[in-house]
Amino acid sequence: MYIRDLKKGDKIIFRLVESYRGPNGPRQRTVLTFNELNLPKEQWKELANIVEMLLSGQTFINNNTDIIDKAENIVKLIKRKTILKVENQYDKVEIVEKDIQNVDLNSLKHTEVRSIGAEHVALSVYKELEIDKVLKENGFSEHQREVAALSIIGRLVYPESEKSTREWAINKSGLDSLLNTSFSKLSNNSLYRITDKLYSLKETLESHLIEKERSLLNLKEKLVLFDLTNTYFEGNCSSIPGAKFGLSKEKRKDCRLLTLGFIIDENGFPKTCKVMEGNQSEPSSLVDMIKQLEEASNEKDRLFKDKIVVIDAGISSESNLKYLSDQGYHYICVAKNKPFSCEEINQLEASDIFSTQDKEIKATILKKEDETYLYCVSPMKKVKEQSMLESFTKKYIRDLELLKESLAKKKTVKSYDKILEKLGRLKEKHKSISRFIVVDIEQEDNLVQSISWENTYSDQKDFSYNGSYFLRTNLNNFNEQELWNIYSTLTNIEYSFRCLKSELAFRPVYHKIQVRAESHLFIAVLAYHILNVIRTKLKAHDINFSWNKTRELLSTHNLITTEMKTEDSKIITIVQPSDANEIQKRIYKALNIKINPINRKIIKLP
């Protein structure tokens, strides 16, 4: 065997070639073609020799671990290529009940272990959503559809960069076996190109998934929820027009951002998403997103008629609420400011307040002009806020004490104007609590003599930190619990964003091109569609694991390749899944999919 390099266009490919004697004399044939070989040319022959010895089962001595590792990887690819070739003809082979062979037990070894558990679950839902059908109808070739499945499912099962996903597909995952293909020749740029191509079908895929999820899961779609999140870039990214400095959700003030707006239903299924500039303000994005959804749909009435738009306080500006009302939409949100005073709330009769059974929430309805307000009090929220209040107060007073102590030290600033500046900075730093504490400064000849403070406005402070909040709506025919239940569905979108951020490699973004950065986010959204179908089906069977936990539980279901030598020195290769454990069987049963997605194959290799 030897290695030959060949220039193909702008690329250089490598071929492992072996010589053999055919009927017409000596010939050469290509055993394997690969795109990368990070090894000096003078070591190619040594690598080819080791590969040949590994294939024939010979023992050898070599201390160059780099060459040995490369040789072992090449041998794996050769065997997978051979196994796949046999698998393609496997249906034509007659399978007998018994196949008794005399084998050398000392030769038995597991040559490869690949994960298939999470891949099997994700691929089953991918097929159920008929994403492959949409891609085929829009001109994707078979190979492009396989790489698209890898891109989306890979983001769900192995959420890493496109480069890492390629390495995972080649070396760790059994997804190619589930798809009856091979990713061994996958180029570095294949996943980048396919994400761009998928993003070009954004509206088509979104419309298809809306209809498919609606029919598949019998979605009611009574609510429309809207929110924003953002992701940050690693690197400068000045070449990306939409990458702007803004308020980072991850406190990454040093990084440029991109913003993703989401419209989903009450079950957490996305209806549309839009990538916006990183400095996008939350209030100004709502109208654009709703208009986009209306324009993208030929059935505006079906999408929005009788729907209730649920938004959080960051988006509920007066102009947005007016727009929703003028367009005939119902809305419900958290009021930015408490519209009723402490005295007005204290005048409510106890009979107007009720507690829900599943949540410790007390609520009562109040009317003001053309809107309805729901005053809610949560004992658990009150405990949390009181703890926050205590912590904020301690930190502010500690800083005031340090400022006071500095007056007694030599060579410290005591100027009245300078102390006022320092106090102003402290008030800004602790603005959530400083308005409740009055600070008094005594000065003489423009020098500060003492600083004192007093806790005041206790009623206002208690009112601000008593675990209460107001919901604001233009709905008039719902009772207290119904209004609270509607707004509580906003937790679905919070779950969606948590999944994107922590489970689907939404952050950070490494791309340097605008469309590719947007494609990266869109692939995460497509993966989330699959995740939410899995989550919904599992919840229906009382399985409430997070996707991270589910993925971990499925990680031990693997595809194992075992080799052994027969008495006459032939090599038998057995490819079969490991047995699923009880929790894996429970998950598969809840999703109504096969326990073992791949039948056992016994292959005699020459």
Side-chain angles (χ1 to χ4, degrees), residues 247 251 253 281-283 312-318 333-350 353 360-364 366 368-369 373-472:
L247 185 61
K251 313 300 183 186
K253 296 180 180 179
S281 67
E282 291 191 334
D312 68 11
I315 303 170
S316 58
S317 65
E318 293 297 328
C333 62
V334 169
K336 284 191 172 184
N337 301 307
K338 296 192 174 181
F340 296 90
S341 67
C342 179
E343 291 75 15
E344 290 176 299
I345 293 299
N346 289 334
Q347 291 175 5
L348 293 175
E349 297 180 8
I353 301 177
E360 290 188 355
I361 299 292
K362 297 182 178 181
T364 186
L366 301 168
K368 192 170 186 180
E369 297 177 354
Y373 289 84
L374 185 70
Y375 175 64
C376 305
V377 179
S378 168
M380 293 181 66
K381 181 178 173 67
K382 180 177 181 179
V383 171
K384 179 181 177 180
E385 288 185 351
Q386 290 294 329
S387 176
M388 291 170 58
L389 173 65
E390 184 178 347
S391 175
F392 295 158
T393 304
K394 284 182 178 179
K395 289 178 181 178
Y396 183 42
I397 290 178
R398 177 56 183 161
D399 284 348
L400 289 175
E401 287 174 344
L402 290 174
L403 183 61
K404 180 180 179 179
E405 290 171 3
S406 70
L407 299 177
K409 297 178 181 179
K410 295 181 179 179
K411 299 182 180 180
T412 58
V413 174
K414 300 179 180 64
S415 165
Y416 179 71
D417 294 337
K418 295 294 184 182
I419 294 296
L420 282 182
E421 286 181 13
K422 288 188 174 184
L423 182 60
R425 287 194 289 268
L426 286 182
K427 286 185 176 181
E428 179 62 23
K429 178 182 176 181
H430 303 280
K431 58 184 176 182
S432 61
I433 192 66
S434 60
R435 58 197 173 101
F436 301 122
I437 298 177
V438 175
V439 179
D440 184 43
I441 298 178
E442 293 184 10
Q443 61 97 15
E444 184 177 334
D445 297 330
N446 204 35
L447 294 177
V448 175
Q449 303 298 318
S450 68
I451 299 175
S452 60
W453 52 86
E454 182 183 2
N455 237 338
T456 59
Y457 309 111
S458 58
D459 289 342
Q460 292 183 28
K461 187 170 64 174
D462 291 343
F463 187 49
S464 299
Y465 290 88
N466 67 350
S468 68
Y469 54 94
F470 286 89
L471 300 183
R472 180 179 179 181

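We count residues from 1, following the sequence as given. The model shown is predicted, which means the values in this text are computed figures rather than measured ones.
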Is there a side-chain contact between L389 and T393, using heavy atoms and a 4.5 Å cut-off?
yes
Below 4.5 Å, heavy atoms only, C-beta onward: do I451 and L423 meet side chain to side chain? no
In short, E385 meets S468 closest at the heavy-atom pair OE1-N, 4.3 Å
With sequence neighbours left out, the residues meeting ring pair (Phe, Tyr, Trp, His ring centres under 6.0 Å) with F392 are none
Residues at least two apart in sequence or cross-chain that pass side-chain contact (heavy atoms from CB on, under 4.5 Å) with K418, listed by chain then number, are V413, S415, E421
| message | Between the side chains of E428 and R425, is the shortest nitrogen-to-carboxylate-oxygen separation below 4.0 Å, so that they form an ion pair? | response | no
To the nearest 0.5 Å, atom CG of L403 lies from atom NZ of K422 at 6.5 Å
Test side-chain contact (heavy atoms from CB on, under 4.5 Å), reference W453, set D440, I437, V438, output is I437
On a heavy-atom basis, the closest approach of I441 and Y416 is CG2-CE1, 3.8 Å
Rounded to the nearest 0.5 Å, the CD atom of Q449 sits from the CD atom of E442 at a distance of 8.5 Å
So CG of L447 and CG of D417: to nearest 0.5 Å the spacing works out to 10.5 Å
Do E401 and R398 meet the salt-bridge criterion of a basic N to acidic O distance under 4.0 Å?
yes
Do L471 and V334 come close enough that some side-chain heavy atom pair is under 4.5 Å? yes
Taken to the nearest 0.5 Å, the spacing of L400 CG from K427 NZ works out to 9.0 Å
*Just by modelled atom types, is the C333 backbone N or O under 3.5 Å from a matching donor or acceptor in the S316 side chain?*
no
Between K431 and R435, is a side-chain contact (heavy atoms from CB on, under 4.5 Å) present by the stated rule, with each step listed? CA-CA 7 Å; K431 58 184 176 182; R435 58 197 173 101; over 6 Å; no
- Would you call the rings of Y375 and F470 parallel, tilted or perpendicular, where under 30° means parallel and over 60° means perpendicular? tilted
Quiz item: Under the 3.5 angstrom rule, does the side chain of K414 hit a backbone N or O of I419 as a donor-acceptor pair?
Solution: no
